[in-house]
Each structure stands twice: as structure tokens, then as C-alpha cells.
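Letters A, B, ... mirror the listed sequences (proteins, then strands); counts begin at 1. The basis for the numbers below is simple: all heavy atoms, side chains too, and nothing from hydrogens, waters or symmetry mates.
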Amino acid sequence: MKKGDHLFLVDGSGYIFRAYHALPPLNRKSDGLPIGAVLGFCNMVWKLTQDARNTDVGIVPTHFAVIFDYSSKTFRNELYAEYKANRTAPPEDLIPQFGLIRQATRAFNLPCIEMDGFEADDLIATYARLACDVGADTTIISSDKDLMQLVGPTVSMYDPMKDRQIGVPEVIEKWGVPPEKMIDLQALTGDSIDNVPGVPGIGPKTAAQLIEQFGDLDTLLARASEIKQDKRRQSIIDNAEKARISRELVRLKNDVPLVDGLDDFALQPPNGPKLISFLKALEFSSLTRRVAEATGAEPNEIEATRITVQTGAEAHGPDLDALVSGSLEGEARAQRPEGTQPSVTPSRAEGATPATLAKSRAEAAVAAKIDRSKYECIRDIATLQAWVAEAREAGTVAFRTETTSLDPMLAELVGFSLAIRPGRAAYVPIAHRSSEGDLLGGGRSPNQVSFDEALAAIGPLLIDPSVLKIGHNVKYDWLLLHRLGLDIAPFDDTMLISYVLDAGNGSHAFETLAERWLGHAVIPFKDVVGSGRNLVTFDFVEIERATTYATEGSDLAMRLWRVLKPRLVANGLTSVYERLERPLVPVLARMEGRGISVDRQMLSRLSGELAQRAAALEDEIYTVAGERFTIGSPKQLGDILFGRMGLPGGSKTKSGQWSTTAQILEELAAEGYELPRKIVDWRQLTKLKSTYTDALPDYIHPETKRVHTSYALASTPTGRISSSEPNLQNIPIRTAEGRRIRTAFIAEKGNKLISADYSQIELRVLAHIADIPQLTQAFADGVDIHAMTASEMFGVPVEGMPSEVRRRAKAINFGIIYGISAFGLANQLSIPREEAGDYIKRYFERFPGIRDYMEQTKASCRDKGYVETIFGRRAHYPEIRSSNPQHRAFNERAAINAPIQGSAADIIRRAMIRMDAALAEAKLSARMLLQVHDELVFEAPEEEVEATLPVVREVMAGAAMPAVNLAVPLQVDARAADNWDEAH
DNA sequence: AGGTTGACATA
DNA sequence: GTATGTCAACCTT
């Protein structure tokens, strides 16, 4: 073990007692063996070892051990015979679980540590101290106050029941004393459960106050006569010796002679078959499924371990804990875990490691034939119920809906398909209609399960926590079914799995993935519903045709999942998927479903005004130009300006036409030409009109009267989400004209809109990633970052700095984030390329760490083909190896930008994932409506606004924690108003 | 009818 | 210099 490593020590004995009392009792179905606490233990260990970023600890352990009490007789009994003397026997149905929990530990391939004469707490204290000695961090998995004395800079605790980390501040908050004073505090208060005497009449509050007053126990005892309260003073004087004994009882021994060293605790990957074998024996179906998914093992092919439960005197050890230590059959009871030999080996060609499994699955998938003739069409409720039962038995089912619209807010359910395993798939038509014989085309096709019956049959499966639903772009189905009152869970999304694996490597569309991974061309949707004037909604598609199309969809989704999910494990990306990607689906679906209010009248008035002003400008333009032409045609405009009128032409576009960008026209306007200014103004007006004032009202939903955007989770290589139909991430803000459109986004009556945005999040992320002292200091001090940059670069004091100097520094800062080039900076600042090059040179002299970051990022991307965010998300740029210098340079800039943009995107994702629970916890009814990259927009009742603002700020500002402890603070500005413009 | 281009809105 | 999405015009099918 070395510096930077992280040791997890689970207080196994403490956990089992707590889990037994906190969790609902549970018995093994087949024979009634009590297993509730063991399940709790297994779930916790799985979570901690598999995806530690999923917990409040937020750290992946490098070393891991579970510590148990061995015997109730320890050295403490020699100090004080009564120690733990009043301990009662554990409940009947807990007794067999002591042994099972040790078996579980071994099944997880984890060290199972205990020692005669010492409590688990002493072993934990000793290992934590050893870890500290080599510079490693320790997290103790326990919430026992007896262990809090160990908390310090390198040691923290984690309460697995409450998913809460306990550090120095938490100890102080709870007990009123810092961890190092916990021993003195406990010496005074004593402990009735362990029969530690303490001082009668002194509880935690008084003890904390006394320690605060006197500093420590010895001083307190020496100066007890100074205590004012008569009874208290007397009690302390009388019981001084008891307090001293108590102190020795609660003081943990951190020099226990150990058998196992820290290096024996290096965390091993789980052995899927071995673990599943154990979990199956205890009939933990849900966890078995999760473990199977994560390890890529095939549970159906693994036999359950035969478990023996020893409860009598034949078991070894003098104490109850040990009395009930059962063991895996045929396995000697060991102090240490067995090697990684699986007790059951996987059959067939399934690989033993995630990587080989991923490979074999991929090969098998391409080789497999897809036989559409085997697809079934379910026409009656009994058959559907049989399929649902089969799906429940299987534990995984691919599911997809067929509807009348690509927009889940408008779509009506027409049918759905299921796939239980490759080739075993069916379609359930429920609302197909026939156009034959009826000119209005309203006839319901015969032999369909009724809508209500079908939903009643499939609904329980969709929300069954032990059945994994597989889909592609689940957000669509989730929102559709959410409208029908069903929230799908748990689920996997092949689109998102592909995105996590391959962001930057092409499309994640279903068709693309089926082709790429299964070598199969899907039936094009167009071939089913037609196009142009022949386009029909899905309810008018013939059921036979619909069956083939829809069933193939589920079948392929199942096959795709079987290929992609093991790749996730093999690439170590499970936690990115489960932490950053999948949980966002319900969050975004709900946001889309809520929509936002837009003032139709206001937009209409604005549209009329814009039309008038544009028309007036058109007349002026024709007059100045001397002819009528299509102003909106860059080709015609370029020919008139630079051809016929002979204005000094700037550059040409790649297709050889005159470029007429706003920048060029602005420059011409500055030189005194009349027409370019008018064109720029006309473009602004018509842009605002066509894209916003005219288009937005058409998106107002007929029933909700609100605008519902659609968020794309898998459309950017960096991890940002995008918004479309309508795009609410590009509503104008920079110009006064544009902001008027923003004022049309309003809160419902009695509510306010709250806008909360991160200040300079990308520069802060850059300061963290590249570790730039001046930048982290500047952000810590809260100074104007652009002015600081200017001051550093040009030697100009911040006080009285000319705005132009600051503007240039600001452009450079942005340029840095974008992977700066002299060409781009020169363009942005309208300065010669040489001058821009000088700026960049000077910048790198002042901030050499940035150049280092850029060079390292490029080199690493060339080497690996991808870059990573601080949370481990990957963005691929294979073209960075291109031989085309321009193309290569472009990819280099993108690769430099991606970790910055992507880390910021991950941070706000984390905030969004936590937000709803945080608001609910604070009993607030604010609803998250929009995300604009570094901004979240909420709607909240007026009277809750003041209480909502700090909750929103805290969740956003703390979003990186605890997975990443940023070197800079995150600043969040939040405001409420009646409309979006004033709130922002 | 569908795809591409140039322009421009946002972070 | 990064990342998007939408519009009108224009070209191809």
C-alpha cells in the first residue's frame, strides 16, 4: 500500500446488528432461513466495491477488508470485569446470519478479518493507523460512535444506511467535540450497552460542555472543584476513577499484532460465477441479476452453492458470533479469503473475464442469424400474461413502444414489443386501426388486446424492481409511460451504454448500432410508415407488418445489450454509466414533461413589430442597392455587395462564394458603407422573428399549454446534452432586442422562475485540471478572473484597467478553453495573426501549466484515442491521428476542450440528478424545467422562493463532491423573477 | 421531398 | 479557437 491508496474497512459485526434492526425481516423463500441482514450486507458491499462513485464516499477503494469481532472476551475484561457484562444474547433469527455474513464476505473475494482477544474496533484502529503511516486514506464503513475517535485528516467514516460520510465536521456537529476528544467525552458519558460506567449524571451535552471548558479529561478531573453546579461537581469528584477506567475501555488499541498486512487487502475484481453461486443459494434474485450484468456472467448456467448453517456446539470458537460461523461447503474456515478460484466455472464459450466475455459476445452476435419468422404476435390477454410471467422469470426483458408520434408528449400508444432472449420476441398490438372500407379510417382492427388490459398486464412488469427493462433511448418510452402513470424501473439503455463507451465514435442510433455490432440492417422505419404523401401514423400500419418491425426492434435491442453491457464492464465505465448517464433519464423526462409557460400574446405582438421593422429595412435596402433581390440569400447578397457595388471584398466561403458574415458586414459598416449595417440589422430582426417569435408558439402543447423541449443525451462527444424542437438552449440574451423574447418565458400564476447558473465553471475546471496556482488562488479570492489574467499578462494593475485590455484577456481565456490558435484569436479580436501569436506566447510564459496540460492532453489522446473528464467520461477523437494538418489541428483543439467542457457538463449532470431529492428533502415543491449547459431554470411557488434558492445553490455548488474535490470553489448565482430575462 | 450551405442564436 | 440546433435559400433527386 502506498500514498494515494484508499482503504475501506467495514465494521462487519457492527453492520450486521444495525442492518438486522433497520431492515425489514426477510426469509429465504425455500426454507425460511432468515437472511435480511445478509442481504443488506451484500447490497452494501456490492455497492461499495463495484461503483464507489455511487455512494457519498465517492471514492473507489484500492484496498478493502471486512472486520469482525471474534470473541466477547478481550483485554478489556481484564481492565474491568463488568465490561459488556450486561450484553444480551442476539435474537434467534440473527444468529444464523453471523456465519452467512462471513461466507458472503468470502464469496465477494474480500478479506475476512478477526482476532481472538481483540474487538473489531481495535483491528480497525490498527489498520487505519498503518494506512495513515504509509500516506494512504481510510474510510471506515460504520456509524458507531466508538470509532469516531479515529476520524482525522486521512480517516473518515461512512454510514452505509444513510449514505452519508462522517468527517471531522460531522463528528463535531453530532457530539460537540472534535474526534480526538471523543475518548474523553465517552469516558464521561459511559455506555450502557457496553457497560462502560462513565460518570453518573453526565450525558453527551454536559460532557461536551465540560471538555470545551477544561480542554481535556485530566484537566477536568484535576480542577473539578471549580465546577459551579453542586451535584455535577460532586459526581465528577466521586467518580473520577470510573472516568479514568472508562477512558481506557473506550480508547481503541491501534497496535494489535496482526496476521494480515495491508497489502493483503488489495481489492480484487469480483469473481462473477463464485459470487453468483453464493447469491443464488440465498435466493437474492435482484442482486444476482445486477452482479450478473456487471460481471457478464450467465446466472442460468451457474449452480447455487450448497450452504450449511452451523448453529451448535460443533462449531468452533467460544462465543456466539463465532458459534454461528457457517462455512461454504467443502471449504475450510479460513482467516483469509480463498484465492480467486471459482467454485463453479462458467460453461460454454462465455469468457471468464469481462474483456473476453465482451469479445466472445461480440463475435457470437455477428455470427447469429436473425429469423423474423419466429416472431410472435400476441392477440389475447392470456398469451400476454404468459409472456409477462416468462419475462419475470428471466429477470431481463427488452421492451419498446410503438406510437403515433416521434414526440413522446404527443404520442399515443399503438402497441409494444418484448424480447426475453435473442430470438424469443413478440409484438402486442393494442390500438391498430384499419382504413379499409371506411373513408374516415377510424375502424379498430380486430383481435387486439384492449388498451386497459394490456397496460394492466405489462405495467407491473415495467415497475418490477427485480426485472431489468432494456430499451434504446429509454427516455422516450419513459416519458410516454409516465404520462400513463407508469415509471419504468429499473432499466438499461443501449443508446446510453453505447454513448458511454463510444462518445465521438459515430452515431448511437439504433440502426447504426445494429449494423455495427450485429451486422444486421434493420427494417427502415420509412418502409413501414411510408413517406411524403403516403406517410401514415403507426396505428394505420398493418398488424403483420408492424409485428415484424416492432418485434425485430426488441430482439435487436436485447442482442445489442448482450454485446454492449459486458464492454461497459471490460472498459471500467460502469460507474460513468450508472452515475452520470442512466439516472439522468427520469430527470430529463420529467423536465420535458413539465414544459415551460410561454406568453403567446407577447410573442405575437413582438412578431408583428419585427415584421414591420424588417419590411421598412427591406425598402431602404432595395433603395440603397438600386434593385430588388432576396436579402436572405447570401449568394445574391454577396454578388451585389462585392460584385456589382464593388465593396472591398473580404474572404470567400469554401464553396467559392463571397462571405457575408456579420463580422465582415460590421467591418464594412465601420468604414462608412451604408448597406452592410442595414443588412446586419435586417438579419437580426428576421432571425428573431423566424426562429423565435414565429416558431415558438407552434410548440405550445394543445393540452398543457406549455412548451416541451426534447433533450438529447447522446448527441455530443463531450457529455453536454442538447435541446431541440424547440431548442431552448439558444434563446437570445446578448442584445436588448433578443432579450425581449426571453421575457415571454414566464412562471405560472402564483409562481416565480428561478435561474441558477455556474459562474465561470469552465475556467474553474481548467484551473483544477491543469492545476494552475494563480488561477486557483484567484478563484479562491473571488477576484475578476479576466482582469487578473490581463494584469498578469500585460503588467497592468487591475485598478483602473482599460476595458479594452480586459476584453482581450477575456478573449484569450475563452480561447484557451477552446484549444486556442493564433488564427482564431486574431479573428475574434480583429487583430493581425502575429499579434495574436504574441499574446498566446506571453500567456504560456505566464501560465506554463496550461501549455503542459494541452501538450499532455494531445499526446494522451493520440496514444489512447480518447480523452477523459474528471469523472472518467470518455470522449473519442480518433481523427487526431489524421495526416491532414488542418483536420488534425481541429481534433487537437477539440481534444483539449473536451475534458473542460465535459467535466463542467458532468458537474451539472450530478447536480440535476441530486436536485429533486434535495428539494423533496427540504419539503420544497420547486420543479426543474430547463438546463442550459451551466444554468438550471426552476419554477417555484412564490412563498417558497426564498427557501428554494439556497437549496439550489448548495446542490449545484457541491455537485462535484465527493467524487472529486475541486481545487477551486464553484460559484452559483441564483435569482427569481416573473420571467426568464429578469431571473437570469 | 430531402439534403446541403451559410448564417446566427446559445453556453 | 469548443459544443450545439434552426432557419431560408438553394440544389439534387
| request: Using a heavy-atom cut-off of under 4.0 Å over every strand shown, decide if A:A836 touches base, sugar-phosphate, or nothing. | output: nothing
| remark: Of the candidates C:dC10, C:dC7, C:dG5, the side chain of A:S633 sits closest to C:dC10
| Considering residues at least two apart in sequence or located in another chain, which fulfil the salt bridge (Lys or Arg N to Asp or Glu O under 4.0 Å) criterion with A:E592? | A:K475
| Using 30° and 60° as the class limits, which term best fits the ring planes of A:Y839 and A:F794: parallel, tilted or perpendicular? | perpendicular
| task | Go through the structure and list residues passing salt bridge (Lys or Arg N to Asp or Glu O under 4.0 Å) with A:E515, not counting sequence neighbours. | result | none
| said: Please encode protein proximity along nucleotides 5-11 of chain B as a string of B, S and -, counting only heavy-atom distances under 4.0 Å. | reply: SSBBBSB
| message | In this structure, how many angstroms lie between the C1' atom of C:dT2 and the CD1 atom of A:I850, rounded? | response | 15 Å
| So what does A:A695 hit on the nucleic acid, given a heavy-atom distance under 4.0 Å: a base, only sugar-phosphate, or nothing? | sugar-phosphate
Under 3.5 Å, which donor-acceptor pairs link side chains of residues 756-766 of chain A to any protein atom two or more places apart or in another chain?
from   : atom 1 : to     : atom 2 : distance (Å)
A:Y758 : OH     : A:M956 : O      : 2.6
A:E762 : OE2    : A:R720 : NH2    : 3.3
A:R764 : NE     : A:S759 : O      : 2.8
A:R764 : NH1    : A:P969 : O      : 2.8

| said: Going by side chain to side chain contact (heavy atoms under 4.5 Å, CB included), A:L930 matches just one of A:L753, A:I596, A:I731. Which one? | reply: A:I596
| said: Applying salt bridge (Lys or Arg N to Asp or Glu O under 4.0 Å), can you list everything that pairs with A:E666, at least two apart in sequence or on another chain? | reply: A:R677
| task | Using a heavy-atom cut-off of under 4.0 Å over every strand shown, decide if A:S821 touches base, sugar-phosphate, or nothing. | result | base
| field | Partners passing ring-ring contact (aromatic ring centres under 6.0 Å, His included) against A:F847 (at least two apart in sequence or in another chain) | value | A:Y843
| Residue-level proximity of residues 824-834 of chain A to DNA chain C when a heavy atom falls under 4.0 Å | A:G824, A:L825, A:Q828
| task | In whole angstrom, give the distance that lies between atom CZ of A:R533 and atom C1' of B:dG2. | result | 17 Å
| request: Would you mind telling me which of C:dA3, C:dC11, C:dT6 lies closest to the side-chain atoms of A:T691? | output: C:dT6
| said: Please report the distance, rounded to the nearest Å, between CG in A:D906 and C1' in C:dA3. | reply: 14 Å
| said: Run the ring-ring contact (aromatic ring centres under 6.0 Å, His included) test against A:W682 and tell me which residues pass, sequence neighbours left out. | reply: none
| note | A:D784 meets the salt bridge (Lys or Arg N to Asp or Glu O under 4.0 Å) criterion, sequence neighbours left out, with A:R806
| A:T716 side chain near C:dA3 phosphate (N/O to OP1/OP2, under 4.0 Å) | no
| Base, sugar-phosphate, or nothing: which does A:G815 touch, judged by heavy atoms less than 4.0 Å apart? | base
